[in-house]
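Report on the following structure.
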2 protein chains.
Amino acid sequence: MTVTLADVAARARVSPATVSRVLNGNYPVAASTRERVLRAVDDLDYVLNGPASSLAAATSDLVGILVNDIADPFFGIMAGAAQTEIGGPGDGSGRAGGEKLAVVCNTGGSPARELTYLTLLQRQRAAAVILTGGAVEDPAHQAAMAAKLAKLADAGTRVVLCGRPPLPEGEAVVAALAFDNRGGGRRLTEHLLTLGHRRIGYVAGPVERTTTRHRLEGHRDAMAAAGLYGDDTTTEGRLANARDEDRLTVHGPYDRRSGYDATLELLRREPEVTAIVAANDTVALGASAAIRDRGLRIPEDISVAGFDDLPFSVDAVPALTTVRLPLFEAGARAGRLAMGKETPPPGGIATIAAELMVRGSTAPPRK
Amino acid sequence: MTVTLADVAARARVSPATVSRVLNGNYPVAASTRERVLRAVDDLDYVLNGPASSLAAATSDLVGILVNDIADPFFGIMAGAAQTEIGGPGDGSGRAGGEKLAVVCNTGGSPARELTYLTLLQRQRAAAVILTGGAVEDPAHQAAMAAKLAKLADAGTRVVLCGRPPLPEGEAVVAALAFDNRGGGRRLTEHLLTLGHRRIGYVAGPVERTTTRHRLEGHRDAMAAAGLYGDDTTTEGRLANARDEDRLTVHGPYDRRSGYDATLELLRREPEVTAIVAANDTVALGASAAIRDRGLRIPEDISVAGFDDLPFSVDAVPALTTVRLPLFEAGARAGRLAMGKETPPPGGIATIAAELMVRGSTAPPRK
DNA sequence: TACCGCATAGAAAGCGCTTGCTACGGCTGT
DNA sequence: ACAGCCGTAGCAAGCGCTTTCTATGCGGTA
């Protein structure tokens, strides 16, 4: 029924070993023999049995890319970039020689699914795994992840982090490419402060996500440095500041709906807000909609800012002030790292700069 | 080094066969034995060797989802929905029992890569394959695809089409869920005609893509039915109509940049245009930017419409008139079909309705 | 009491490939 | 002219699992 290596060997009048070597190209085979084998492969329409091959060789050509939300271009762009580096050009002959199978796995942000996918990938003896985007900070989960990754690395799977902070003990990992979320967040808020804003609302991402925390910390660093939230360091002062921070921060998922709802909430809590900083561009879009539905103008009445600089942000009206993350470049680099085509940065850790993009959605507050 | 079935068997003091049966749960095993085995599995931190298992059982738990552009939420939404049906909830125990590994593969719209991925999936003896989105209409490629899919089906892989028209001879396929692109396109243009528009520009997708052709045909059907492009059926008249159609149509990729450039081109060719229909929402966003950069207002000077109703479309300013496709539902259904959890529609073909969403970006043309 | 059948466990034969080792010419070097 | 090599090809032993077939022990029944 199905064609096997042995069939090809018979037709080419060579041993199975020779066919295998022709196909893998890691052993000298005379040109004439090779040609005969290749013709037999074509004639018989032979397709390698992946499982058998992986079993015998104890490795597979699977590369897994884990993303938190596949419907979010933030991940799509990174994953796509990584795939271009991993998949190779593809010759269309259907022969697929030397290709790796780059596949993306959607965790939906669930720690359990993240672990499950890792196990599944481990089962397949994946050649490499790329983890993208923020991590969940729950200690139990972090420990489980670290253990799992260590085991993967042990089994020869290359592990690369992309847009995710390094592990506590990062030995298991080939490389970690971390975005400068904190710095980006800080510069964004500094921009707003420079424009003269003082009461700034913050629509944050889900709690316990590193991305969320880092961006928020950047924001608060800037606020604190400006003496906002007060620099009253007495116990009472600190409490008051904390209350202030909390009042002006709302957490929610990274989607437009959350941005919409949170902004309405912020507006209710503090009508005097003159700017809203969103956890990312998608959230910013929802925030903008809420502001407009409230009958307010952007940026005249309220400034809005996002994060990521996704492609649609420049088309928002007005164009969104945001922080650009080089998602494509980072994804591509992660792909190369996973393939061993690029040497890891010193220490295995690289921080990727975030660039402030000032556009029309931010302006000085009205007097 | 690595733990094998035999190690588990030894520790549980049973035969490897018994361990295998406990893990696969398709053979009676006494409760006490099962428990002993399970404990041994946990103690040893055993992870099944996927390749070995697939080799012996001649099937794998891989399910491939092919998408044209992973950075496009159009595909992300479908793929994510399909994955939720396939991956199961995941128990977080890391045991990953009975799970399928749903993976998405990004073809980038390239026929060669599409074929390559199919070969790679065939190699892995994938349990199922879901093809999403429009197909390329090149006859050679179509034939190659049909052959490849037939071979996959032959090998026991379930093939499901989602948002893609059925194959010429669809026997190889479990089911085809096709969007009513033509009907949606027609109703969208009828809406514009009803508003009073007569000179309507069309920013189409890439040529040779089924999606592109169907949406465009819907548009032209509506135009023709309204007597636009003339109903002159003489040879000369037909030629004139065709020229008119071509002058008001520009093709390009499904991205914002293409929408921007094409709209500028359309405006140059025919300054009297009162509406622009875009191939999809992303393109519509680019088109809107171009219109605004030209100093024109939407919808007062020019109406704009998209297709797909992606989440961001409602947040555009003004909100985008578009055609809603139930992407999530379709993806989920494709996932269930791929898992054999749902019986295929009669004839294996289902057409999925497209619903017109009238919003602020379209209005009657100025007198 | 003797027999049959069911429930459960084990033995062993592969699944299709990779790869270390061996075998065999013909060439080169002295 | 002979030894030693290099370049190729084949042999055969697994890789770790699934599954068919067989073995065993037990309870129930005649």
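Note on naming: letters A, B, ... go to the chains in the order of the sequence lines (proteins, then strands), and numbering restarts at 1 for each one. From a predicted model like this one, the values you see are computed outputs, not experimental measurements.
- Inter-residue side-chain proximity for B:Met145 and B:Leu131 is flagged as met; some heavy-atom pair is nearer than 4.5 Å.
- The CG atom of B:Leu161 sits 7.0 Å away from atom CG of B:Leu149, with the distance rounded to the nearest 0.5 Å.
- A side chain to side chain donor-acceptor pair (under 3.5 Å) check over residues 153-167 of chain A, counting only residues at least two apart or in different chains, returns the pairs A:Glu114-A:Arg164.
- When each of B:Ala30 and A:Tyr46 is assigned the nucleotide of DNA chain C with its nearest heavy atom, B:Ala30 is the one assigned upstream, toward the 5' end.
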Name the atoms and distances for all side-chain donor-acceptor pairs under 3.5 Å in residues 52-60 of chain B, with sequence neighbours left out.
unit_1	atom_1	unit_2	atom_2	d
B:Ser54	OG	B:Gly50	O	3.0
B:Ser54	OG	B:Thr59	O	3.4
B:Ser60	OG	B:Leu62	N	3.2
B:Ser60	OG	B:Gln124	O	3.2
B:Ser60	OG	B:Arg125	O	3.2

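- Considering only side-chain N and O atoms, A:Asn49 lies nowhere under 4.0 angstrom from the phosphate OP1 or OP2 of C:dC15.
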What does the list of N/O pairs under 3.5 Å between the protein and nucleotides 20-28 of chain C look like, with a distance for each?
unit_1	atom_1	unit_2	atom_2	d
C:dG20	O6	A:Arg21	NH1	3.2

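- Non-hydrogen atoms lying under 4.0 Å from DNA chain D are contributed by A:Val14, A:Ser15, all within residues 4-16 of chain A.
- Scored by the side-chain contact (heavy atoms from CB on, under 4.5 Å) test, A:Thr4 finds A:Ala6, A:Asp7 as partners (sequence neighbours excluded).
- The distance from atom CG of A:Leu48 to atom P of C:dC15 is 17 Å, rounded to the nearest whole Å.
- Sequence neighbours left out, the pairs with a member in residues 22-37 of chain A that pass side chain to side chain donor-acceptor pair (under 3.5 Å) are A:Ser20-A:Asn24.
- With sequence neighbours excluded, the residues that form a side-chain contact (heavy atoms from CB on, under 4.5 Å) with B:Ala338 are B:Ala128, B:Ile130, B:Val160.
- Residue A:Thr33 is classed as a sugar-phosphate contact, given heavy-atom separations below 4.0 Å to backbone atoms only.
- Taking 4.5 Å as the limit, every side-chain heavy atom of A:Ile70 sits out of range of all side-chain heavy atoms of B:Phe75.
- A side-chain donor-acceptor contact under 3.5 Å links A:Thr210 to the backbone of A:Ala135.
- B:Asp72 pairs by the side-chain hydrogen bond (donor to acceptor under 3.5 Å, both in side chains) definition with nothing, not counting sequence neighbours.
- The distance from atom CZ of B:Arg125 to atom C1' of C:dG16 is 9 Å, rounded to the nearest whole Å.
- The side chain of A:Ser20 places no N or O atom within less than 4.0 Å of a non-bridging phosphate oxygen (OP1 or OP2) of C:dC17.
- As a whole-Å value, the separation of B:Leu23 CG from C:dA9 P is 15 Å.
- Shown here are the side-chain contact (heavy atoms from CB on, under 4.5 Å) partners of B:Ala17, two or more places apart in sequence or in another chain: B:Ser15, B:Arg21.
- B:Glu342 is linked by a side-chain contact (heavy atoms from CB on, under 4.5 Å) to B:Arg333, B:Arg336, B:Leu337, counting only residues two or more places apart in sequence or in another chain.
- A heavy-atom distance below 4.5 Å is not found between the side chains of B:Val3 and B:Asp45.
- Remark on the helix from C:dT1-D:dA30 to C:dT30-D:dA1: inter-end axis angle 40°, axes from five-pair C1' superpositions, rounded to 10°.
- Taking a 4.0 Å limit (strictly below) on heavy-atom distances, residues 55-64 of chain B reaches DNA chain C at B:Leu55, B:Ala56.
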